[in-house]
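As structure tokens, the structure follows; a few thoughts come after it.
Worth knowing before you read on, the calculation uses all heavy atoms, side chains too, and leaves out hydrogens, waters and symmetry mates. The chains referred to below are lettered A, B, ... by the order of the sequence lines, with proteins before strands, and numbering in each begins at 1.
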There are 2 protein chains.
Amino acid sequence: MPSAEAEIAGRTAMSHFSDTGTGPSVAERQAAVSLGELEHVAGLALRLAQLAVFERLFACLELGEMRLSELTVLHAVSRNPDIRQGVLADLLEIKWPNMTKLVRSLEKGGLIERHVPPDDRRSVALRATPEGVRRADAFVGTLKAGDREALAMLDDEEYARLLELCRKIAGRGAGA
Amino acid sequence: MPSAEAEIAGRTAMSHFSDTGTGPSVAERQAAVSLGELEHVAGLALRLAQLAVFERLFACLELGEMRLSELTVLHAVSRNPDIRQGVLADLLEIKWPNMTKLVRSLEKGGLIERHVPPDDRRSVALRATPEGVRRADAFVGTLKAGDREALAMLDDEEYARLLELCRKIAGRGAGA
DNA sequence: TCGGGATTGTTTACTAGAAAACAATTTCTG
DNA sequence: CAGAAATTGTTTTCTAGTAAACAATCCCGA
């Protein structure tokens with residue numbers, strides 16, 4: 001059975017981009033090509049939109065050494081001190097095994113610390129270091145700007161509506 | 001440099017799902033957790049929404065042996081006879097090397113045929129076999145139903161708006 | 001017409017993420 | 001209280017997808 005994870009449109013919780021794909025001027029010689037009915041399947045459209053946005057986002061972002069996933073996790077930790085690792089993983093739709101690697105990497109970089117709370121010694125609580133907090137703060141501005149830039153084809157009303165709809169879909173209608 | 005492909009939210013053009021992730025009742029013990037400002041970054045929201053939709057979609061879908069990527073490609077081929085492989089790849093945001101594998105797999109399954117057009121012997125033109133067309137047709141209904149089901153939290157107006165916005169983002173505002 | 005460059009597709013190597021098995025702890029139940 | 005079951009996280013293994021190098025064909029200009 002195929003794993004639902006890697007099917008139609010990338011599934012990882014955090015991915016790069018870049019397009020090694022031999023140049024973008026291919027469709028020009030075969031016009032009038034479309035997906036037919038699939039063009040109107042919202043799930044696929046969502047996927048294609050997400051890919052397009054991330055492509056543009058990565059173009060604007062200049063992440064340096066860090067990956068977007070790491071920065072996102074770091075930020076979430078900095079805003080939720082002592083958050084447990086599993087909670088964080090579920091929040092960001094990152095699989096637990098991958099979160100382990102990610103967190104270990106951030107710890108090695110001195111950006112977060114891992115504690116084992118005495119009341120539940122199975123779990124791991126995360127906390128950002130001062131340096132981690134600084135990085136997370138610096139990251140937010142860049143990301144917000146890049147995000148808006150990547151969605152420049154939308155006006156403010158459309159942008160707001162998109163956000164609202166996405167949050168509703170992800171089950172975050174009003175939370176925080 | 002990290003590859004923009006696999007960063008924040010899966011990037012493949014087509015992925016499965018499933019959640020091996022140790023059960024979904026983790027956040028219940030740590031309430032009041034949120035992504036902070038990141039909660040209002042549309043790119044990330046788009047990503048999380050896409051993940052949620054695909055998860056639900058795969059739950060409804062029952063794909064059997066085939067993968068969603070294969071069915072999508074098959075459908076596109078069946079609606080665009082003699083489409084060139086590269087055009088198809090760009091259309092679905094699938095990297096060329098992956099499209100090669102995908103197409104070869106469909107060919108081996110007897111669902112499509114590959115031709116080398118005489119006027120450009122570098123390229124490969126694809127065409128669905130009768131069996132391929134039948135499969136593609138059968139697939140559309142299932143997918144549409146599953147898609148609507150996966151987005152059941154949206155009413156019709158919201159669904160339509162989402163589709164419109166996504167198509168605009170992906171640069172398919174009015175095409176076909 | 002011929003030779004450099006671009007386009008199209010494939011092969012190979014690598015990486016990120018998913019799945020499954022595992023260990024440690026806690027909780028529930030008899 | 002003892003043991004079964006569930007929760008939490010980690011390790012290992014595997015797959016899907018990306019990147020980079022390659023081969024073949026086509027195009028364009030001298």
Side-chain angles (χ1 to χ4, degrees), chain A residues 1-30 51 55 58 67-70 84-90 92-105 114 116-126, chain B residues 1-30 51 55 58 67-70 84-90 92-105 114 116-126:
Chain A
M1 172 176 38
S3 90
E5 288 306 337
E7 249 318 285
I8 249 267
R11 187 271 178 277
T12 307
M14 312 266 154
S15 306
H16 319 231
F17 258 48
S18 95
D19 274 24
T20 186
T22 325
S25 62
V26 182
E28 293 169 6
R29 294 182 55 193
Q30 275 200 7
L51 290 179
E55 189 160 10
F58 277 94
R67 291 182 307 202
L68 182 52
S69 54
E70 292 178 334
R84 277 199 337 235
Q85 194 169 305
V87 174
L88 186 62
D90 292 352
L92 293 171
E93 302 244 35
I94 295 176
K95 303 286 180 235
W96 288 27
N98 300 330
M99 184 56 83
T100 296
K101 301 179 202 169
L102 233 162
V103 158
R104 287 274 160 77
S105 163
R114 298 165 7 106
V116 174
D119 57 304
D120 185 348
R121 307 213 332 276
R122 294 170 299 182
S123 65
V124 175
L126 305 176
Chain B
M1 173 175 40
S3 90
E5 288 307 336
E7 250 317 286
I8 248 263
R11 188 272 178 274
T12 306
M14 313 263 155
S15 309
H16 320 230
F17 258 47
S18 93
D19 275 27
T20 186
T22 324
S25 61
V26 182
E28 293 168 8
R29 294 181 55 193
Q30 273 199 7
L51 290 178
E55 189 160 11
F58 276 93
R67 293 182 305 203
L68 182 50
S69 53
E70 291 178 334
R84 272 184 312 128
Q85 194 169 306
V87 174
L88 186 61
D90 292 352
L92 293 171
E93 301 244 33
I94 295 177
K95 302 284 180 239
W96 288 26
N98 299 331
M99 185 57 82
T100 295
K101 302 177 200 167
L102 235 162
V103 158
R104 286 272 159 78
S105 163
R114 297 166 8 105
V116 174
D119 55 305
D120 186 349
R121 306 211 335 273
R122 294 169 300 181
S123 66
V124 175
L126 306 175

| said: Quick check for you: to the nearest 0.5 Å, what is the distance between B:L102 atom CG and B:S69 atom OG? | reply: 4.5 Å
| request: Let me know the distance between CD of A:E55 and C1' of D:dG17, rounded to the nearest Å. | output: 15 Å
| query | Say you draw a straight line from CD of A:Q85 to CZ of A:R104; how long is it, rounded to the nearest 0.5 Å? | reply | 7.5 Å
| Rounded distance (Å) that lies between atom C1' of C:dA18 and atom NZ of A:K95 | 7 Å
| Quick one: A:D119 CG to D:dT7 C1', roughly how many Å, whole number? | 14 Å
| task | Please list, chain by chain and in numerical order, all residues satisfying salt bridge (Lys or Arg N to Asp or Glu O under 4.0 Å) with B:R114, sequence neighbours excluded. | result | B:E107
| note | The answer to which of B:R121 and A:M99 contacts DNA chain D further toward the 5' end, by nearest nucleotide, is A:M99
| field | Along DNA chain D (nearest heavy atom to each residue), the more 5'-positioned of A:R104 and A:K101 | value | A:R104
| Expressed in angstrom and rounded to an integer, what is the separation of B:I94 atom CD1 from C:dT10 atom P? | 14 Å
| note | Whole-Å distance, B:L68 CG to D:dA16 C1', equals 14 Å
| task | Round to the nearest Å and state the distance from B:L102 atom CG to D:dT15 atom P. | result | 16 Å
| message | Please report the distance, rounded to the nearest Å, between CH2 in B:W96 and C1' in D:dA23. | response | 14 Å
| said: At less than 4.0 Å, is any side-chain N or O atom of A:S123 found next to OP1 or OP2 of D:dT8? Yes or no. | reply: no
| A:P117 or B:Q85, whichever maps to the more 5' nucleotide of DNA chain C | B:Q85
| request: Quickly work out the A:N98 CG to D:dC14 P distance and round it to whole Å. | output: 17 Å
| message | Given the structure, check if the side chain of B:R122 and the base of C:dT7 hold any donor-acceptor pair shorter than 3.5 Å. | response | yes
| task | Of all the heavy-atom pairs spanning B:A89 and B:W96, show the shortest one and how long it is. | result | CB-CD1, 3.6 Å
| query | OP1 or OP2 of D:dT15 sitting under 4.0 Å from any side-chain N/O of B:R67? | reply | no
| In Å, rounded to the nearest 0.5 Å, how long is the span from CE of A:M99 to CD of A:E93? | 11.0 Å
